[in-house]
Each structure stands twice: as structure tokens, then as C-alpha cells.
Amino acid sequence: MTTYLLPAEPAPLVLEFAKTALVIIDMQRDFLEPGGFGASLGNDVSLLRSAIAPCQQLLAAARAAKLLVIHTREGHLPDLSDAPPAKIERGTPALRIGSPGPMGRILIRGEPGHSIIPELTPIEGEIVIDKPGKGAFYHTDLGELLKERKIENLLVCGVTTEVCVHTTVREANDRGYRCVVVSDACASYFPEFHRVAVSMIAAQGGIFGWVATTAPLVNGIHRAHHAA
Ligand code: TIU
């Protein structure tokens, strides 16, 4: 493994892949398929599907190059003890977190809707972080895990751009990680929010991190891997 100068906004970024992890945020059936949490909030879940193929390409490249891969899942314990009442109370009562739906209880760990979509199913050796919040650091062991592995850079993709991707990147940025948001590998139920959320990352000299696209990143991972 070696380094690669990634074309990115607001400026190119030197990536040392041995210190870099791919973080795939919440690519779960609950957000991407009909009948889950995303749909219960009134969203058109088909809008998230554009992120699937780019996430698959990033995942394939990361696996080939043996990069650390982390998948996250948003969800709650069956007894809802980790779900703040303020989070549950929102929305139509029949469609709230914990209510039964076509993919099992909405946003509950262990239910069919909570699982990662089949296109991106984790394989052995990949880390799956279950998180009760929007950010992947809140009430999880992600921080310790990244420290143990001496990770400095996070390549972040998944859904949704302005909610769980943004919250995670903000948390990571404050913890000192260089975050690269892979714009075409993220998606939102609101295309305008996606566009603005991506702009916010790289604005002000990269106030939260960097923005790149899948193709040069995948090329860079392959090139660095074959040069090593
Ligand atoms: N509603 C929405 O856009 N997102 C979430 O509730 N969670 C995640 O982004 N994963």
C-alpha cells in the first residue's frame, strides 16, 4: 500500500491508504426499500438508489486492496431502551420507530428492514457498527476501533447525505479525521439537500473535509494497491 494524490474539492488530498478506511453509512433496506423507515417518513425511497452502484465500486476496490471497511446501521433495540422518546414520538403513530411494517418492526435491530441491502452485504472481516443515532460515533465503539487501527482518513459514502453522512462527518472532523465525502456514492431523499450538503463539506477551505467522486478514488485505490 502506498499513497495517492486524490483529485478533490477544495484541493487535492494525499491519501495514505494504510491509514484510510471506507465507511459506508446506513445502506439499509429501511432507507432504500419500500415499507421501511425512510418510506414511513413520507419519502420516495427510489431517490437513494443512485448511490448503490458507486458504493459497490468503492466496496469492490476496498476489498481488493484490503482497506479497512466499516458498514454502519441505524437502528434500535427491540425494547426501544436506546431510543429517545423525542425520536420515537415524531411521525404518524402507526408508522413510528418500533411499529410493525412489511419488513418487520421499523428501524429495529434484527428485523429484515434493518439489514444492509443485498447489493452491499458485508463479508467476514468487515466491521458493522450498530448506532442508535445519526452519527456513527455516538454511543458506538467506532472511535476506539479507528484509534486501535491507526486510521487517519475516512472515505465516507451512503445515505442520507445531509443526515447520517453529514452527522458522521461532523463528528469525525472534530475528532481529527480527514473525511472524504464521495459525492456520487451518497444520496438524499431531497436532491437539493444533497447538493447543498456536499457543497457545505468543501466550502470555506474544506470546513468539514473533502469531496471527491467514485471513479478517481477507485482508480487511486487500484493504482496504489498494484504499486505496493
Ligand atoms: N431521514 C433521513 O434522511 N435519514 C435518516 O433518518 N437516517 C440516515 O440518514 N441514515
Side-chain angles (χ1 to χ4, degrees), residues 6-13 15 20-34 36-59 70-74 84 86-87 90-91 97 107 116-117 120 129 131-138 142 153-218 220:
L6 176 71
E9 295 295 335
L13 175 67
L15 277 180
T20 301
L22 175 66
V23 183
I24 306 178
I25 301 287
D26 300 0
M27 290 293 281
Q28 297 162 258
R29 299 183 66 200
D30 251 320
F31 294 104
L32 286 118
E33 294 185 12
F37 183 56
S40 81
L41 300 173
N43 296 306
D44 172 1
V45 294
S46 70
L47 287 162
L48 302 191
R49 300 200 72 80
S50 63
I52 298 175
C55 283
Q56 284 179 305
Q57 291 162 27
L58 290 168
L59 184 56
I70 297 166
H71 304 259
T72 72
R73 299 185 297 202
E74 181 179 351
K87 184 176 181 185
R90 280 173 253 183
I97 294 168
L107 215 62
I116 290 172
I117 57 168
L120 295 165
I129 298 282
K131 61 187 184 67
K134 304 305 183 194
F137 289 83
Y138 175 70
L142 179 60
N153 314 306
L154 304 179
L155 311 173
V156 188
C157 59
V159 296
T160 61
T161 322
E162 80 281 12
V163 182
C164 290
V165 170
H166 238 262
T167 306
T168 298
V169 166
R170 288 170 185 234
E171 287 180 330
N173 182 57
D174 278 350
R175 286 165 173 78
Y177 295 96
R178 295 179 201 92
C179 295
V180 178
V181 173
V182 191
S183 55
D184 54 329
C186 297
S188 167
Y189 301 118
F190 303 85
E192 177 66 4
F193 290 177
H194 170 83
R195 193 185 63 73
V196 175
V198 166
S199 305
M200 286 167 67
I201 300 289
Q204 304 184 66
I207 196 79
F208 294 126
W210 287 257
V211 174
T213 53
T214 300
L217 189 46
V218 163

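Positions are given from 1, in the same order as the sequence printed here. Atom set for the values below is all heavy atoms of this structure, side chains included, hydrogens, waters and symmetry mates excluded.
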Participant: Quick one, Pro10 and Trp210 - any side-chain contact, counting heavy atoms below 4.5 Å?
Facilitator: yes
Participant: So, the side chain of Arg90 versus the backbone of Ala86: is there a donor-acceptor pair under 3.5 Å, distance only?
Facilitator: yes
Participant: Can any side-chain N or O of His71 pair as donor or acceptor with the backbone N or O of Ile116 at less than 3.5 Å?
Facilitator: no
Participant: Does Glu171 reach the main-chain N or O of Phe137 with its side chain, forming a donor-acceptor pair under 3.5 Å?
Facilitator: yes
Participant: Considering only heavy atoms from C-beta outward, does the side chain of Asn153 approach that of Val180 to under 4.5 Å?
Facilitator: no
Participant: Rounded to the nearest 0.5 Å, how far does NZ of Lys131 lie from OH of Tyr138?
Facilitator: 12.0 Å
Participant: So among Ile129, Val156, Val163, which one has a side-chain contact (heavy atoms from CB on, under 4.5 Å) with Ile25?
Facilitator: Val156
Participant: For His166 and Ile201, work out which heavy atoms get closest and say how close.
Facilitator: NE2-CD1, 3.6 Å
Participant: Taking side chain as C-beta onward, heavy atoms only, is Lys134 less than 4.5 Å from Lys87?
Facilitator: yes
Participant: Where is the tightest heavy-atom contact between Ser188 and Phe193, given as atom of each residue plus distance?
Facilitator: OG-CB, 4.0 Å
Participant: Are the side chain of Asn173 and the backbone of Ile207 linked by a donor-acceptor contact shorter than 3.5 Å?
Facilitator: yes
Participant: If you define the side chain from C-beta out and look only at heavy atoms, does anything of Glu162 sit under 4.5 Å from Val196?
Facilitator: no
Participant: Roughly how far, to the nearest 0.5 Å, is CG of Asp26 from OG1 of Thr72?
Facilitator: 3.5 Å
Participant: Side chains of Gln56 and Leu120: does their closest heavy-atom pair fall under 4.5 Å?
Facilitator: yes
Participant: Once you round to the nearest 0.5 Å, how far does CZ of Arg170 lie from SG of Cys179?
Facilitator: 12.0 Å
Participant: Check whether any side-chain heavy atom of Ile70 lies under 4.5 Å from a side-chain heavy atom of Leu142, and answer yes or no.
Facilitator: yes
Participant: Measure the spacing between CG of Leu217 and SG of Cys157 and express it to the nearest 0.5 Å.
Facilitator: 9.0 Å
Participant: Tell me yes or no: between the side chains of His194 and Thr161, is some donor less than 3.5 Å from an acceptor?
Facilitator: yes
Participant: So which heavy atom on Gly38 is nearest to which on Val45, and how close?
Facilitator: C-CG1, 4.1 Å
Participant: Which heavy atom of Ala136 sits nearest a heavy atom of Thr168, and at what distance?
Facilitator: N-OG1, 3.1 Å
Participant: Is there side-chain contact between Asp30 and Glu74, with at least one heavy-atom pair below 4.5 Å?
Facilitator: no
Participant: In sequence, state the C-alpha distance, the side-chain angles, and the governing distance for Cys186 and Val181, and then conclude on side-chain contact (heavy atoms from CB on, under 4.5 Å).
Facilitator: CA-CA 8 Å; Cys186 297; Val181 173; 3.9 Å; yes
Participant: Do Tyr189 and Asp44 make a side-chain contact, defined as non-hydrogen atoms from C-beta onward lying under 4.5 Å apart?
Facilitator: no
Participant: Nearest 0.5 Å, what's the OG1-CG distance between Thr20 and Leu13?
Facilitator: 8.0 Å
Participant: Of the non-hydrogen atoms in Leu6 and Ala212, which two are nearest, and what is the gap between them?
Facilitator: CD2-CB, 3.7 Å
Participant: Judged by atom type as modelled, is there a donor-acceptor pair below 3.5 Å linking the side chain of Ser183 to the main-chain atoms of Val211?
Facilitator: no
Participant: Write down the atom of Cys55, the atom of Ile24, and the distance for their closest heavy-atom approach.
Facilitator: SG-CG2, 4.5 Å
Participant: Starting at CD1 of Ile117, measure out to CG of Leu48 and round the result to the nearest 0.5 Å.
Facilitator: 9.5 Å
